[in-house]
Novice: 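First, the structure itself, so that you have it in front of you.
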Number of protein chains: 2
Amino acid sequence: MSVHPPRPSGPPLNALRAFEAAARLGGFSRAADELCVTPGAVAQQVKALEDWAGVALFDRQAQGVVLNDMGRQVLPLATRAFDQVAAMVQELRAVASPNRLHIAALPAVAQLWLSPRLPGLRRALPDLEISVTAMEQPPNLERDPFDMTLFFGDPAEGEQIADDVILPVCAPALAGCLAEVADLARLNCLSDSAWAGDWPLWLQQAAGAEAPTLRGPVFSLYALAVQEAVNGAGVLMGHRCLIERDLREGRLVAPFDQPVATGKALIMQLRQPVRTPLARLAAALRESRL
Amino acid sequence: MSVHPPRPSGPPLNALRAFEAAARLGGFSRAADELCVTPGAVAQQVKALEDWAGVALFDRQAQGVVLNDMGRQVLPLATRAFDQVAAMVQELRAVASPNRLHIAALPAVAQLWLSPRLPGLRRALPDLEISVTAMEQPPNLERDPFDMTLFFGDPAEGEQIADDVILPVCAPALAGCLAEVADLARLNCLSDSAWAGDWPLWLQQAAGAEAPTLRGPVFSLYALAVQEAVNGAGVLMGHRCLIERDLREGRLVAPFDQPVATGKALIMQLRQPVRTPLARLAAALRESRL
DNA sequence: GCGAAGACCTAGTTTTTCTAGGCCAAGAAT
DNA sequence: ATTCTTGGCCTAGAAAAACTAGGTCTTCGC
């Protein structure tokens, strides 16, 4: 009598994934966003799971859903489970094409720091196939298909590539108009929407309380702001590691010699385990100079 | 620019599951068995995964498939991942219906040890809904939907409920024919196909080298063999903890007073974490007497 | 009171998954 | 040596699952 009784099979995996995403992100719409489906699809999957379990996992409220007790108890395990699944997928990716490396970087870093180094990199590592994706938020290396991240953050979070120092810069033609900090009030002060705090921080550190009120265009892309500064459109709060070349080659100058450290740094993180191709890329980037 | 680039989505989860099962069990057919689908379905899922990764994970050979290097590298992560997924599902089950408990037991244990105790158990724990499934092999509590297992095994594997002691037993009417061990050769010696080693072990321990050759019917269900012994069909190698009541109530007697320990024991394992309902069931079983 | 968010429902469509049945290769058995 | 058995592959069609679309409802914030 070795009749293996047909095991009562578990719930559909996709329903579990939908639940996990919805619970972690706190809403069906956000989950739908992450999973690239419509919110209705997520609602259905979650409902299917709740039907399977015979119990509700979310409290439905008018302005969204919130996890109930049951849901709160399973969420940690669910997240661990899908972390593991994602780790397996990444491992599979890495094993299947070990020479294909994917870097995630802040748009500004991708365009201003990484992009100039890429040609040399590809020359030094011709056998590696390097892709770059720009994004605002650092991805989770355990989950997302990236091998390396380059973002600004706390120096403790990873390997520090450069410290983050800011200082006003502008086209050489404009430098003459800037004798002292107060002159800034008479010029356009370019800024990046993601780094809105840069000007106030610098003014506070460099000029003390006597900070002039500033005005000027706001860009959503730092590289664009840099280009505008080169074009003479105004004074930009420059992040030194991103405009090294423009400074060295004279397209930009720093009218005030008062750099201010932001306390952050350009951080590199590597996907674990680090295999040879990734280690080579990381080494090449560490040593890269412009 | 907060355009989250549509993440390159991973492979279908079901394909990963098919791969994991096939790799762990070493064959598409066995995986199909476990997943309750046809082997063709598993083959397709695995192929889909290999296509996604762009690389083969199995070597196809005429007498089956074997993992190749790539597959071997991802299998550990895959197994961990699906262990976690299963753990989450079990947690969900347990949280959703905490009073529904499912015991997995060896068929002999289910029928001869557990079954007589169940009425008392249900009386003592009326709020618990106790199910029992008989199976030959202990299930993996991390993966399969059981809360408790009752199997014979090494005492170190779990909590020992009873030690496993064997001794020949028969109907009282037959006992007169058995004055010494050698008399066994003249009677039917009932045995269970899953415990073929019992007679040889006992003979060796109890009778030394002078073990007579035995003959008799073989049963695939131990409870059936016990019933036949009660009916006077022959001498059965009895596991004491399974036939306590028959001995006490005189339906069976032990003609030789030479019990032999098999070195195994009746072992109880509990699914972690142990919640109140399961703890109550375990306590009730520990204290249960016939 | 009105618009925006967020979720639900249902019907219908699209995609995925599964089965069935035939085929093939290589060991094992006769 | 021939036949049988095992285990996998393939394809077409069927079945099941998942998704979308569009309409509705409720509550919050203005």
Novice: Quick check: do Gln272(A) and Gln90(A) have side-chain heavy atoms less than 4.5 Å from each other?
Specialist: no
Novice: Provide the full list of ring-ring contact (aromatic ring centres under 6.0 Å, His included) pairs with a residue in residues 29-58 of chain B, sequence neighbours left out, each pair given once.
Specialist: Phe19(B)-Phe58(B), Phe28(B)-Phe58(B)
Novice: Take nucleotides 7-20 of chain D nucleotide by nucleotide from the 5' end and write B, S or -, depending on whether a protein heavy atom sits under 4.0 Å from the base, only from the sugar-phosphate, or from neither.
Specialist: SSSS-------SBB
Novice: Kindly compute the distance separating CG (Leu128(B)) from CG (Leu101(B)), expressed to the nearest 0.5 Å.
Specialist: 5.5 Å
Novice: For atom CZ of Arg24(B), is the number of surrounding heavy atoms from other residues, nucleotides or ligands below 6.0 Å larger than 12?
Specialist: yes
Novice: Which nucleotide of DNA chain C is the first, and which the last, in the 5' to 3' direction, to come under 4.0 Å of a heavy atom belonging to chain B?
Specialist: dT17(C) to dA26(C)
Novice: Determine, stepwise, if the pair Asp51(A) / Lys47(A) fulfils side-chain contact (heavy atoms from CB on, under 4.5 Å).
Specialist: CA-CA 6 Å; Asp51(A) 287 350; Lys47(A) 187 153 183 27; 3.8 Å; yes
Novice: May I ask you to decide whether Asp147(A) forms a salt bridge with Arg275(A), counting only side-chain N to carboxylate O separations under 4.0 Å?
Specialist: no
Novice: Could you tell me which residues satisfy ring pair (Phe, Tyr, Trp, His ring centres under 6.0 Å) with Trp195(A), sequence neighbours excluded, listed by chain and number?
Specialist: Phe152(A), Tyr222(A), His239(A)
Novice: Take the C1' atoms of the five end pairs on each side of the helix from dG1(C)-dC30(D) to dT30(C)-dA1(D), derive the two axes, and give their angle rounded to 10 degrees.
Specialist: 30°
Novice: For a salt bridge (Lys or Arg N to Asp or Glu O under 4.0 Å) check, start with the C-alpha distance between Lys264(B) and Glu157(B), then their side-chain angles and the critical distance, and finish with the verdict.
Specialist: CA-CA 10 Å; Lys264(B) 296 190 170 185; Glu157(B) 288 166 8; over 6 Å; no
Novice: Scan for salt bridge (Lys or Arg N to Asp or Glu O under 4.0 Å) pairs involving residues 79-89 of chain B, sequence neighbours excluded, and state none if there are none.
Specialist: Asp83(B)-Arg143(B)
Novice: Start with the C-alpha gap between Asp33(A) and Arg30(A), add the side-chain angles, then the distance that decides, and say whether salt bridge (Lys or Arg N to Asp or Glu O under 4.0 Å) holds.
Specialist: CA-CA 5 Å; Asp33(A) 211 35; Arg30(A) 264 159 293 182; over 6 Å; no
